[in-house]
Amino acid sequence: MVEREVDGHAPTAVVDASVIPTVRAKLPEFTGALQRVAELVLADPASAARSTIVELAERSGTSPATVTRFCRALGFEGYADLRLGIAAETGRARAAGWSVDIGREIGPGDPLGKVLEQVMAADTRAMHDTAALLDLSEVERAAQAIAGATRVSIFGASGSALVGEEMQFSLHRIGVAAWAWTDVHNGLASAALSRPGDVALGISHSGQTRETIEMLAEAGGHGATTIALTSFPRSALAELADVVLLTATQATTFRPDALSARHPQLVVLDLLYVAVAQRTHQRSHAAFQRTAQAVGPHKAAKTGGLD
């Protein structure tokens, strides 16, 4: 990760090889002319990498000064650095085969083989972008907090609730006392009983889901360490959390950002789960052995011994 000072303000983190996901994550922060530049870059990154600063300004209906401000908002010193970053990223995407289908609309009559290629390319790109965006020191902080927690409360709504339940199941298997709350009334009641030493994890792609924000804020107000899993670092959920874990998305036709966020969210939570298991190795290993032994006969009865 590289940090550069922007216009005299605190350093802005710029993650190598993640220009496009960074632009996508910051898009809600931009307004007016800056937003038009960002949308143009996202619509055709390869063309942006080939354009001069004057050409990009003309195509976005802005000015070279606006393009320069856009570069600095991302942490780059100037347009040359932005072009190099985009060019390197799009080059890697082509080499990995991601650019063939990403961005192309899926038609109602497209064969399933073509749809499969596009979905796989989009998911692969999103997970690689997530790996580039993710701050591993934040994952470390989250893992340490969960490993030493008295209890862990996980909050989410709709699709994020399903992801939260998966994390709760994983933590329970290694002996971590965790609960996943999807109903706001039950979640708020649990959050109100939080205390120092507890951990609260809020999951929301947009970071704007009101119920999740309320539950995480309530838990934090009673001393719990709060963790946010979101795609937007300046969202309300991220702003109130002690630890922020970021994901990237790559939408496709019929799968908008909120749906395409699921696999990156699961990747980050899998990493967090493994990090917790590492930090509680003896306890986790013993718990996993006991839980596996307990359910083993039921698996054998149904599958003849095969999982």
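Here the structure is a predicted model, which means the values were calculated and not measured.
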Just do the side-chain contact (heavy atoms from CB on, under 4.5 Å) check on L134 and V139 with the steps written out, would you? CA-CA 8 Å; L134 195 60; V139 178; 3.8 Å; yes
Starting from the C-alpha separation in whole Å, work towards a yes-or-no answer on salt bridge (charged side-chain N to carboxylate O under 4.0 Å, His left out) for R141 and E138. CA-CA 5 Å; R141 289 179 62 201; E138 291 288 273; 2.9 Å; yes
Verdict with reasoning, R262 to V163, per side-chain contact (heavy atoms from CB on, under 4.5 Å): CA-CA 7 Å; R262 300 296 168 254; V163 176; 3.8 Å; yes
So I227 and V244, side-chain contact (heavy atoms from CB on, under 4.5 Å) or not? Walk me through it. CA-CA 6 Å; I227 304 169; V244 179; over 6 Å; no
Set out, in order, the CA-CA distance, both residues' side-chain angles and the distance that settles side-chain contact (heavy atoms from CB on, under 4.5 Å) for F30 and V37, then state yes or no. CA-CA 9 Å; F30 296 138; V37 177; over 6 Å; no
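In this structure, a donor-acceptor pair under 3.5 Å is absent between the side chains of S60 and R36. S47 and R59 form a side-chain donor-acceptor contact under 3.5 Å, judged by distance and modelled atom types alone. The closest side-chain donor-acceptor pair between Q144 and E140 falls under 3.5 angstrom. Donor-acceptor pairing under 3.5 Å is recorded for the side chains of T247 and S231. A donor-acceptor contact closer than 3.5 angstrom links the side chains of E218 and H222. Remark: the W179 side chain and the S153 side chain contain no N/O donor-acceptor pair separated by less than 3.5 Å. A donor and an acceptor atom, one from each side chain of D242 and T225, are nowhere located under 3.5 Å apart.
Between A248 and T130 the shortest heavy-atom distance is N-OG1, 2.8 Å. The shortest heavy-atom contact between I213 and G207 is CD1-O, 3.5 Å. Smallest separation of non-hydrogen atoms from L216 and A200: CD1-O, 3.4 Å. Contact between S160 and Q265 at its shortest, heavy atoms only, is OG-NE2, 4.0 Å. Between P64 and I53, the closest heavy-atom pair is O-CD1, 3.6 Å. Between A238 and P233, the shortest heavy-atom distance links the atoms CB-O, 3.4 Å.
With hydrogens and angles disregarded, no donor-acceptor distance shorter than 3.5 Å links the side chain of T62 to the backbone of E58. Of the possible polar contacts, one joining the T124 side chain to the M120 backbone as a donor-acceptor pair under 3.5 Å is found. Between the side chain of D198 and the backbone N or O of R195 there is at least one donor-acceptor pair closer than 3.5 Å. Judged purely by atom type and a 3.5 angstrom limit, R83 uses its side chain to pair as donor or acceptor with the backbone of A49. Looking only at distances, no side-chain donor or acceptor of T209 sits under 3.5 Å from a matching main-chain atom of E211.
Grouping the Ile, Leu, Val, Met, Phe, Trp and Tyr side chains by contacts below 4.5 angstrom, directly or via other members, places V152 with L229. Under a hydrophobic-cluster definition in which Ile, Leu, Val, Met, Phe, Trp and Tyr are linked whenever side-chain heavy atoms come within less than 4.5 Å, directly or via other members, L34 and V54 are assigned to the same cluster. One hydrophobic cluster holds both I146 and I203 under the rule that ILVMFWY side chains link at heavy-atom gaps under 4.5 Å. Linking ILVMFWY residues whenever their side-chain heavy atoms come closer than 4.5 Å, directly or via other members, leaves L162 and M167 in distinct clusters. Both F155 and L240 sit in one connected hydrophobic cluster of ILVMFWY residues. Membership requires side-chain heavy atoms under 4.5 Å apart, directly or through other members.
Using a 4.5 Å heavy-atom cutoff, the side chains of H205 and T230 are not in contact. At a threshold of 4.5 Å between non-hydrogen side-chain atoms, the residues I174 and T291 do not count as touching. Looking only at side-chain heavy atoms (C-beta outward), L42 and R24 come within less than 4.5 Å of each other. Using a 4.5 Å heavy-atom cutoff, the side chains of S63 and T66 are in contact. Under the 4.5 Å side-chain criterion, counting only non-hydrogen atoms from C-beta, R151 is in contact with S194. Residues S284 and Q278 fail the side-chain proximity criterion, which asks for heavy atoms closer than 4.5 Å. Using a 4.5 Å heavy-atom cutoff, the side chains of V243 and L245 are in contact. The shortest side-chain heavy-atom distance between V115 and V119 falls under the 4.5 Å cut-off.
Rounded to the nearest 0.5 angstrom, Y273 OH and E166 CD are separated by 10.5 Å. Taking CG from D81 and CD1 from I86, the interatomic distance works out to 11.0 Å, rounded to the nearest 0.5 Å. Summarising the geometry, atom CD1 belonging to I20 is positioned 11.5 Å from atom CG belonging to L133; distances are rounded to the nearest 0.5 Å. Atom CG of L266 is separated from atom CE of M127 by 9.5 Å, given to the nearest 0.5 angstrom. If you take CZ on R210 and CG on L237, they are separated by 14.5 Å, rounding to the nearest 0.5 Å. Rounded to the nearest 0.5 Å, atoms CD (E77) and CZ (R72) are 9.0 Å apart.
In this structure, F70 has its ring center no closer than 6.0 Å to that of F76.
Within 6.0 Å of CZ on R283 lie more than 12 heavy atoms contributed by other residues, nucleotides or ligands.
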